[in-house]
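First the structure, in the form of structure tokens, and then the observations on it.
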Protein chains: 2
Amino acid sequence: MKKRLPPLNWLRSFEASARHLNFTQAAAELHMTQAAISQQIKGLEAQLGCALFKRLPRGLELTDAGRAYIPGVRESIEKLAVVTDEVFGKERSRTLTVRVNLVFFNHWLAPRLASFRAQHPDIGLRFTSNIWVAEPDKEADVEIRYGKGLWPGFTSNRLTWDDLIPVCSPILLNEQQPPASPDELSDHTLLHVIGYEEGWGFWLNQLGHHEVDSSQGVHFDSLMTAMEMAALGHGVALSRTSLAANMLASGRLIAPFDKPIATAESFFLATPVNQHSHPHVEAFRYWLIEQAEMDMPR
Amino acid sequence: MKKRLPPLNWLRSFEASARHLNFTQAAAELHMTQAAISQQIKGLEAQLGCALFKRLPRGLELTDAGRAYIPGVRESIEKLAVVTDEVFGKERSRTLTVRVNLVFFNHWLAPRLASFRAQHPDIGLRFTSNIWVAEPDKEADVEIRYGKGLWPGFTSNRLTWDDLIPVCSPILLNEQQPPASPDELSDHTLLHVIGYEEGWGFWLNQLGHHEVDSSQGVHFDSLMTAMEMAALGHGVALSRTSLAANMLASGRLIAPFDKPIATAESFFLATPVNQHSHPHVEAFRYWLIEQAEMDMPR
DNA sequence: ATGCTGCCATTAGTAAAACAATGCCTTGGT
DNA sequence: ACCAAGGCATTGTTTTACTAATGGCAGCAT
């Protein structure tokens with residue numbers, strides 16, 4: 001069944017011959033002799049069981065079978081040429097562009113990046129931040145997005161397995177003490193971030209604390225700024241475990257209660273499909289997934 | 001520049017090796033020896049200027065470059081396999097299905113079909129009639145459509161270059177005489193066909209005969225039936241030169257006036273793109289376009 | 001008609017793969 | 001620890017494929 005595919009070099013000769021309708025010119029293009037082409041076509045016709053060319057006294061003409069066959073063959077070979085050039089073309093050492101939102105970069109990616117730089121010191125990197133929704137600029141080789149991993153036209157790899165986690169400074173402004181239980185949150189400023197489906201309202205709801213007004217507080221458009229404000233003692237932010245780990249370890253933030261609520265959304269590596277077309281992209285993808293799997297539960 | 005493409009046989013070995021991650025198994029699949037695969041990969045890596053596999057003590061692993069390269073290579077080769085099978089697979093002598101509307105079949109295609117049958121006595125044919133609009137049944141290999149030749153997903157080849165031409169029987173019912181000029185059409189029954197943009201209203205308008213009521217008369221859903229009724233003396237039908245030629249020659253119809261109005265629409269051969277995948281289809285396409293070019297003006 | 005030219009097929013010789021056999025390295029089992 | 005097995009690289013030999021040269025055929029120009 002798989003045996004049906006003839007030697008691909010023969011198909012290349014066929015494609016060139018069909019284009020020129022002339023074995024001699026096809027041979028020149030492929031840096032071979034006319035005799036070689038002639039034999040290859042003969043072999044191809046023998047294997048396929050029917051003629052591809054009509055031999056005219058002055059040149060060639062495609063048979064019906066040849067005419068039916070050539071478009072698919074041409075497309076495939078053309079694609080091989082394009083792909084080969086994309087992957088191994090001249091600009092081998094171009095910089096890799098990664099679109100990643102600010103908070104993920106600062107609190108997850110940046111601390112690990114030294115490892116990638118060490119493994120691939122020759123790969124130039126460029127980071128551009130998207131706040132939330134991807135603009136349709138196709139300039140990034142890969143993106144890191146927050147969501148459920150379902151984006152048409154992209155293959156996605158999950159990077160984080162988060163719980164929602166309230167965080168605040170160990171020392172709050174106004175001489176307040178950090179809340180000892182969720183009930184006490186009504187006495188604190190809630191730091192909200194727009195753009196996440198699962199915010200304070202969701203978290204309080206999950207724990208049954210309906211008495212706290214989840215709409216009071218201050219709103220930010222990035223978890224980055226909200227966490228910074230929390231660290232400065234302005235209130236309590238609702239972070240994600242993967243993003244808070246760093247600041248919790250350093251003591252700039254504390255997690256006043258241990259009520260793990262899993263998130264339905266998480267961070268994903270999103271790669272445009274059919275565009276795995278540069279070794280640097282693959283290197284970064286591979287490294288990033290590897291890093292993520294170190295944190296994977298179980 | 002074109003020289004960038006390595007020998008395609010090497011790529012085939014690469015594809016199989018990447019799939020098995022094992023030269024020995026890849027060699028078995030391609031009916032070659034492990035040594036040959038090893039050498040081909042080595043050659044490929046040399047030409048591309050970088051390694052595709054990491055040689056591990058126990059098997060292989062793709063490098064970043066290999067991982068970036070393999071999807072395009074695999075797709076192309078897969079496509080070649082599919083196309084080869086489609087064109088030269090087992091059911092080599094299946095019947096060719098042509099969707100064509102009734103009037104075009106009877107008055108244009110049928111008279112010429114003997115020529116095709118003579119050239120290709122082995123090709124089985126099946127005709128299905130569409131009245132006007134194509135149903136989305138993809139069962140036809142090719143279609144003949146009336147329109148402007150712009151259908152997404154189809155490549156089209158123009159088959160006719162028509163004028164609108166009023167026709168009627170030389171002997172009308174009710175002892176009427178055929179009209180001598182368009183003015184006299186108001187005394188005759190107009191035979192309309194729905195589905196054509198350019199009907200009696202258009203024709204009379206183009207010639208400035210606004211005094212004739214273009215809405216009176218009898219309506220049909222196929223020019224076929226309208227022409228038959230005209231031949232039986234029931235009135236005057238608005239035909240197309242390419243479709244009336246036959247009956248005009250036989251004397252069953254006459255064209256009472258010589259006022260050529262070119263049509264914006266015409267008959268086209270419509271072939272689904274990327275589906276030129278059978279020699280029989282190509283044979284029919286080729287023959288049909290040849291036939292049409294015989295009638296082409298200039 | 002005649003000779004010239006372009007183009008494909010064929011044949012014999014040579015260069016290039018594929019084969020067969022062997023070596024080396026690592027892993028996994030006893 | 002040691003032996004067996006799996007797997008890739010390497011070497012010399014054989015087969016395959018390419019080359020170079022020649023012949024044949026049909027247009028085209030003189």
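These numbers come from the heavy atoms of this one structure, side chains and all, not from hydrogens, waters or symmetry mates. Within every chain, numbering begins at 1; the chains are lettered A, B, ... in the order of the sequence lines, protein sequences first and strands thereafter.
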Inset, instruction - Using modelled atom types only, decide if a donor and an acceptor are shared between the side chain of Arg145(A) and the backbone of Ser156(A) within a distance under 3.5 Å. - result: no
Legend entry - Main-chain N/O of Ser266(B) paired to Thr263(B) side chain as donor or acceptor, under 3.5 Å: no
Legend entry - Outermost nucleotides of DNA chain D that come under 4.0 Å of a non-hydrogen atom of chain A: dC18(D) to dG27(D)
Legend entry - Geometric class of the Phe104(B)/Trp108(B) ring pair [parallel <30°, tilted 30-60°, perpendicular >60°]: parallel
Legend entry - Under-4.0 Å salt bridge between Glu15(B) and Arg19(B): yes
Legend entry - Ion pair check, Glu45(A) and Lys42(A), cut-off under 4.0 Å: no
Legend entry - Summary of protein contacts for nucleotides 8-21 of chain C, nucleotide by nucleotide, where a base hit scores B, a sugar-phosphate-only hit scores S (4.0 Å, heavy atoms): BBB-------BBB-
Inset, instruction - Would you kindly check if the NZ (Lys) or CZ (Arg) of Arg99(A) is within the cone defined by 45 degrees around the ring axis of Phe127(A) and under 6.0 Å from the six-membered ring centre? - result: no
Legend entry - Proximity of Phe116(B) and His120(B) rings by center, below 6.0 Å: yes
